[in-house]
Amino acid sequence: MSDTASATADPQGGSGGPGEADERGTVGPRIQSFRRRAGLSQEAAASRAGISTRALRDIERGRALRPRVHTLRSLAATLGLSDDELADLLADARTGPPRDTGRPNLLILGPLVLRRGRTPVPVSSPMLRRLLGLLALKHPEPATQQEITDILWPSGPPRSHPSLIHTYVTQARRLLAPCGPQHAPLPTVARSPTGYRLEASRDRTDLGRFDELLARAERLRHAPDPEVLYASLAEALRCWRGPVLADADPVLRRHPAAVAADERRVRAALLHADTALLLRRSGEAVPVLADLVNTEPLHEGLHARLILALADSGEQAAALQVFTRLRDRLDEELGIEPGTEIREAQLRVLRRQPPGPHPTAHHTPAHREPAHSTEAHRTEIHPTEIRRAPADAAAPDGSTPPPAQLPSGAATFIGRRPQMRVLDTLVASDPARRPHIAVVVGAPGVGKSALATHWAHARRDHFPDGQLYVDLRGHSPRPALRPGDVLAPFLRALGAPPHALPEHPANEDEAAALYRTLLADKRLLIVLDNARDAEQVRALLPGARGCTVVITSRSRLAGLVSSDGARRIALDVLDPDEGRQLLGSIAGSCNVAAEEAAARRLVELCGGLPLAIRIAGADLVARNASIAAHCAELAGAGEGVLGRLRIEGDRRSTVRSAFELSYRTLPDEARRMFRLLGQLAGPDLTVDAAAALAGATPAAAAALLACLADAHLVRERAGRFGLDVLLRSYARELIGTDEAHTARRRLVLSRARGPALRDIGKDNCSGSYASSAGSRA
């Protein structure tokens with residue numbers, strides 16, 4: 001059995017298949033695997049370990065079932081084994097690991113398996129399987145409490161979920177606890193400030209082992225002997241028994257960490273295949289590629305290498321069948337033709353050219369769909385360098401490099417995991433379920449741009465043709481950009497020749513047509529930040545489904561949802577725990593932990609608004625003040641709290657300025673309604689109460705409230721409208737004494753006239769920060 005053909009064998013069992021290991025013991029195959037990983041011949045390894053080549057050959061072939069301890073220690077030092085690997089090797093050399101007394105291994109590259117030594121440990125509880133799978137996916141990083149909750153209860157957690165999580169963690173610790181004496185730290189589930197993490201060495205999970213081997217292989221890709229690279233890649237791929245958590249619930253298989261792991265597997269397989277073609281060992285790459293094209297049915301890079309590997313193995317007919325199946329699938333599911341890379345592979349087979357490694361091999365990102373790159377963007381590189389050229393490097397032929405215009409993201413990004421999951425549908429594997437437009441909407445300062453840029457940076461590998469970005473200035477002190485103002489720089493970034501660029505705004509339609517043409521065969525991300533309305537962005541939407549657009553706006557952009565199929569993502573303020581995390585990331589987590597009650601109060605005074613929390617945290621750092629003292633100042637400011645939430649000399653770091661930009665865009669009557677809403681004693685009111693407050697008809701009041709809700713200046717819940725705590729303070733700053741007195745007089749008279757309006761002072765807005773300000777009127 002070849003190294004590659006045994007990809008489904010036990011990942012802990014060395015390079016040989018299970019039968020081979022049973023016949024000759026386990027020490028020999030494991031040492032052989034470690035030697036190949038280190039890139040040493042038998043002669044070199046034996047010489048460095050101070051033993052004869054014959055002795056090492058006998059050990060590897062199983063003739064010496066129990067080598068001496070000092071021999072194994074010398075080999076371990078020579079081959080660079082970890083303490084855990086040496087401990088396992090010594091245990092095998094004694095008698096083999098006793099049943100149920102080995103250290104636990106958590107395997108997730110395929111169906112989830114927990115082993116103690118070589119003995120499987122049954123994990124029958126679905127909740128425990130989900131928890132262990134998540135912890136292994138995130139290892140060595142912690143899984144947050146919210147992440148665990150979302151995975152364990154996808155449809156919503158019960159009220160007792162915190163205590164249930166603690167119960168499942170305790171059960172997981174018992175499963176991981178080994179029996180018998182141990183010489184290394186024991187894997188367990190440890191508490192972290194944000195949740196729980198799997199505390200174990202990297203090689204206690206097959207994913208950690210794979211990542212270490214892949215990193216080693218990538219360091220070796222320039223090694224003079226490609227055999228060393230090939231051996232490391234083959235060992236890395238043997239860790240896989242199928243897709244990540246193949247038997248888990250879809251919510252866990254779609255976790256970003258699982259998707260990223262599958263992508264790393266594809267990256268390793270591409271590098272392995274190119275190295276196999278270089279070494280004329282293409283037959284060993286066929287089983288790996290054939291297995292992966294079933295998991296990644298639209299990945300052209302994998303199909304191209306499978307075609308070449310089959311042809312190099314003398315299977316030209318099978319190679320052409322692979323091309324035909326992919327072409328039919330692309331036409332049926334996406335309505336597109338195969339890309340350049342796959343067509344080149346077919347032509348090499350038809351012309352009976354030596355299929356060896358691609359002369360123009362490039363890294364097709366490990367996404368679920370093919371990337372169709374034009375010849376202008378292909379780069380001549382060595383077959384073992386399967387990676388895209390840096391975005392800021394000019395192409396060898398002098399063509400325009402792919403645009404990379406994303407601004408820097410926030411240094412710390414807290415929460416928003418449900419919204420991140422919705423954005424991840426933009427790169428989902430199923431084309432039928434994948435939208436290509438998402439609109440992120442919410443109130444001023446709620447973090448729309450931060451979410452969009454954070455996600456764009458995290459998923460940029462899914463867009464090999466680059467990223468375009470523009471601030472449309474829909475709510476800005478500067479004039480808003482028109483589509484024509486944006487199209488010209490976008491076209492230049494996409495490499496349009498100067499003579500094709502529009503010379504006058506009257507040619508906006510022509511520029512938009514050229515823009516759509518240049519994007520027709522690309523996988524490119526376009527971020528349109530701070531949009532005013534739907535009309536400002538429609539000319540900037542590409543016609544190609546391969547491109548993705550993320551739009552942020554303070555308006556609801558309902559037109560894009562109804563007419564253009566956009567997926568809307570609404571952002572609310574942070575919950576108290578997330579607010580404290582954000583405050584701790586700026587003012588210091590130790591300081592927040594030391595004054596937890598004061599930190600919670602400060603987040604409450606900021607209304608959970610990320611912009612306000614960031615400003616408060618920066619102010620704490622600048623003044624070196626205690627959180628409790630800063631809370632006292634903000635609370636004592638009363639309605640002047642917005643004057644405290646500002647950074648001196650930085651107009652952008654001012655909560656009042658953020659609100660003002662939205663307020664100025666409102667019609668006069670809507671502005672008046674907003675000012676009047678600040679006079680409420682309670683957090684919300686009905687349409688009829690708003691009509692009484694403004695002295696207007698219910699129909700007119702409903703229209704004005706809808707205008708304010710569309711601008712995210714009022715919160716609408718179940719037919720009731722209200723202001724968040726900071727917006728309430730802003731509204732009270734704007735209103736004059738006479739206008740406020742008249743509004744309160746109308747409220748008193750309306751309550752006296754009928755019972756229907758007597759609920760305007762109720763404090764029944766549960767879950768909102770507005771309730772904290774409900775008593776101030």
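This chain uses plain numbering: 1 for the first residue, then up along the sequence.
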Side chain [X], main chain [Y], donor-acceptor under 3.5 Å:
| X | Y | answer |
| --- | --- | --- |
| Thr552 | Asn530 | yes |
| Asp575 | Asp577 | yes |
| Arg460 | Ala404 | no |
| Arg473 | Pro479 | yes |
| Arg675 | Ile735 | no |
| Arg130 | Leu152 | yes |

**Asked** Asp529 and Ser449: side-chain donor and acceptor closer than 3.5 Å?
**Response**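 Ser449 and Asp529 do have a side-chain donor-acceptor pair below 3.5 Å.
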**Item:** Gln146-Asp150 side chain donor-acceptor pair, cut-off 3.5 Å
**Value:**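 There is such a pair between these side chains.
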**Asked** Which heavy-atom pair separates Ala511 from Leu487 by the least distance, and what is that distance?
**Response**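 Closest pair (atom of Ala511, atom of Leu487, distance): CB-CD1, 4.0 Å.
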**Message:** Is there a side chain to side chain contact (heavy atoms under 4.5 Å, CB included) between Arg715 and Arg720? Walk through the geometry before answering.
**Reply:** CA-CA 8 Å; Arg715 181 189 298 275; Arg720 302 183 68 88; over 6 Å; no
**Message:** So that I can tick it off, tell me whether Glu535 and Arg538 are bridged by a salt bridge, with the cut-off set at under 4.0 angstrom between side-chain N and carboxylate O.
**Reply:**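 Yes, Arg538 and Glu535 are salt-bridged.
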**Prompt:** Thinking salt bridges, do Arg600 and Glu604 make one under a 4.0 Å N-O criterion?
**Reply:**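 Between Glu604 and Arg600 there is no salt bridge, as every charged N stays at least 4.0 Å from the carboxylate O atoms.
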For [X], run the side chain to side chain contact (heavy atoms under 4.5 Å, CB included) check against [options] and tell me which one passes.
| X | options | value |
| --- | --- | --- |
| Tyr730 | Val725, Leu713, Leu642 | Leu642 |
| Val714 | Asp724, Leu685, Leu704, Leu723 | Leu723 |
| Val439 | Arg568, Arg556, Lys448 | Arg568 |

**Asked** For the residue pair Phe674 and Tyr663, does the interplanar ring angle fall in the parallel (under 30°), tilted (30 to 60°) or perpendicular (over 60°) class?
**Response**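 Phe674 vs Tyr663 ring planes: tilted.
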**Test log, rule salt bridge (charged side-chain N to carboxylate O under 4.0 Å, His left out), inputs Arg421 and Asp424** = CA-CA 5 Å; Arg421 286 196 291 269; Asp424 280 339; over 6 Å; no
